[in-house]
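Worksheet: one structure, shown below.
Letters A, B, ... mirror the listed sequences (proteins, then strands); counts begin at 1.
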Protein chains: 2
Amino acid sequence: MTTVEECSAAEQELPYNVFSRACPSRGTLEHVTGRWGALTLGALHEGSFRFNELRRRVDGVSEKMLSQTLHALERDGLVHREAQPTNPPRVDYELTPLGRAVTERLMSLIHFVEGRMDDVLAARERYDSARASR
Amino acid sequence: MTTVEECSAAEQELPYNVFSRACPSRGTLEHVTGRWGALTLGALHEGSFRFNELRRRVDGVSEKMLSQTLHALERDGLVHREAQPTNPPRVDYELTPLGRAVTERLMSLIHFVEGRMDDVLAARERYDSARASR
């Protein structure tokens, strides 16, 4: 297991530091912000869903990638998997309290980016025409 | 170019929507939250840096990946590249005002995750021992 010593930087108040490559916080950040992780958390922010419902919401995800994403988020304690004792078995996924707190910060970032896309697209046009005119 | 119509969902207030796979906001979110994008923005949150200084701060990044990351962030209008007319040429990178606003939300997420890693690691242990005892 990675120890706290491998993460902490002298100037850092917290014992975990994503800038250090050995720190497990880097892996968790990637589970949260990776393409499918971010979209899965965002979908679960709306409520509890079954696997196939989630798959429809996260446009473009494959069954395999959604399954891997959910396992990683469940292992990190961000998503709770609830298997109902029905026949056929029904499995629901929902955010844990920790997952909800993380997702609130993630959604703040996502909504900010969505809200500034006009500026981003204008910057892209300026960048591309500056390159084309060289 | 992707039009606004390809992004917007009926229930969505904003014209851009990362949950839609054709929306350019999904690409920008990935530039911001991808492994190297997030760490590069986090490093630039501390100030302006030259390429090699940045490379040392973003532990583990290759020259090629840092270069690609900076180009994507510059094209999206989040990072400003300033070439000084010196010999040898000196190039500094810094956040734009938009990049700074995005990075503040990203850092809020990163610091929150770092601060809850004890809970994440405890969840991983519970998950792994539950699987091992099956």
Under 4.5 Å heavy-atom distance to chain B, tell me which part of [X] shows up: side chain, backbone, both or neither.
{"X": "V102(A)", "result": "both"}
{"X": "H31(A)", "result": "side chain"}
{"X": "V32(A)", "result": "side chain"}

- Query: Looking only at atom types and distance, does a side-chain atom of D59(B) sit under 3.5 Å from a main-chain N or O of R21(A), one as donor and one as acceptor?
  - Reply: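 It does hold such a pair.
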- Message: Checking the side chain of E114(B) only, and the main-chain atoms of V18(A) only, is there a donor and an acceptor separated by less than 3.5 Å?
- Response: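 Yes: the side chain of E114(B) pairs with the backbone of V18(A).
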- Query: Do S25(B) and R116(A) get their side chains close enough for a donor-acceptor pair, meaning under 3.5 Å?
  - Reply: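 R116(A) and S25(B) do not have a side-chain donor-acceptor pair below 3.5 Å.
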- Side chains of Y127(A) and D76(B): donor-acceptor distance under 3.5 Å anywhere?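 There is no such pair between these side chains.
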I need the [X] [atom1] to [Y] [atom2] distance, nearest 0.5 Å.
{"X": "R126(A)", "Y": "R75(B)", "atom1": "CZ", "atom2": "CZ", "answer": "12.0 Å"}
{"X": "M117(A)", "Y": "N17(B)", "atom1": "CE", "atom2": "CG", "answer": "11.5 Å"}
{"X": "E104(B)", "Y": "L109(A)", "atom1": "CD", "atom2": "CG", "answer": "12.0 Å"}

- Task: Could you walk me through whether F112(B) and L106(A) pass the side chain to side chain contact (heavy atoms under 4.5 Å, CB included) test, one step at a time?
- Result: CA-CA 10 Å; F112(B) 186 81; L106(A) 176 70; over 6 Å; no
- Message: side chain to side chain contact (heavy atoms under 4.5 Å, CB included), that's the test. Do R35(B) and L29(A) meet it? Break it down for me.
- Response: CA-CA 8 Å; R35(B) 162 180 274 199; L29(A) 183 68; over 6 Å; no
- Task: Would you mind telling me which of A101(A), A38(A), A130(A), A122(A) has the largest number of heavy-atom pairs within less than 4.5 Å of chain B?
- Result: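 Going by pairs under 4.5 Å, I would pick A101(A).
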- Query: Which one of L78(A), V113(A), L98(A) has the most heavy-atom pairs closer than 4.5 Å to chain B?
  - Reply: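 So the answer, after comparing L78(A), V113(A), L98(A), is L98(A).
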- Sub-4.5 Å side-chain heavy-atom contact between V120(A) and P24(B):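 A side-chain contact under 4.5 Å is absent here.
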- Are I110(A) and Y16(B) side-chain neighbours, meaning at least one heavy-atom pair lies under 4.5 Å?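 No - every pair of side-chain heavy atoms lies 4.5 Å or more apart.
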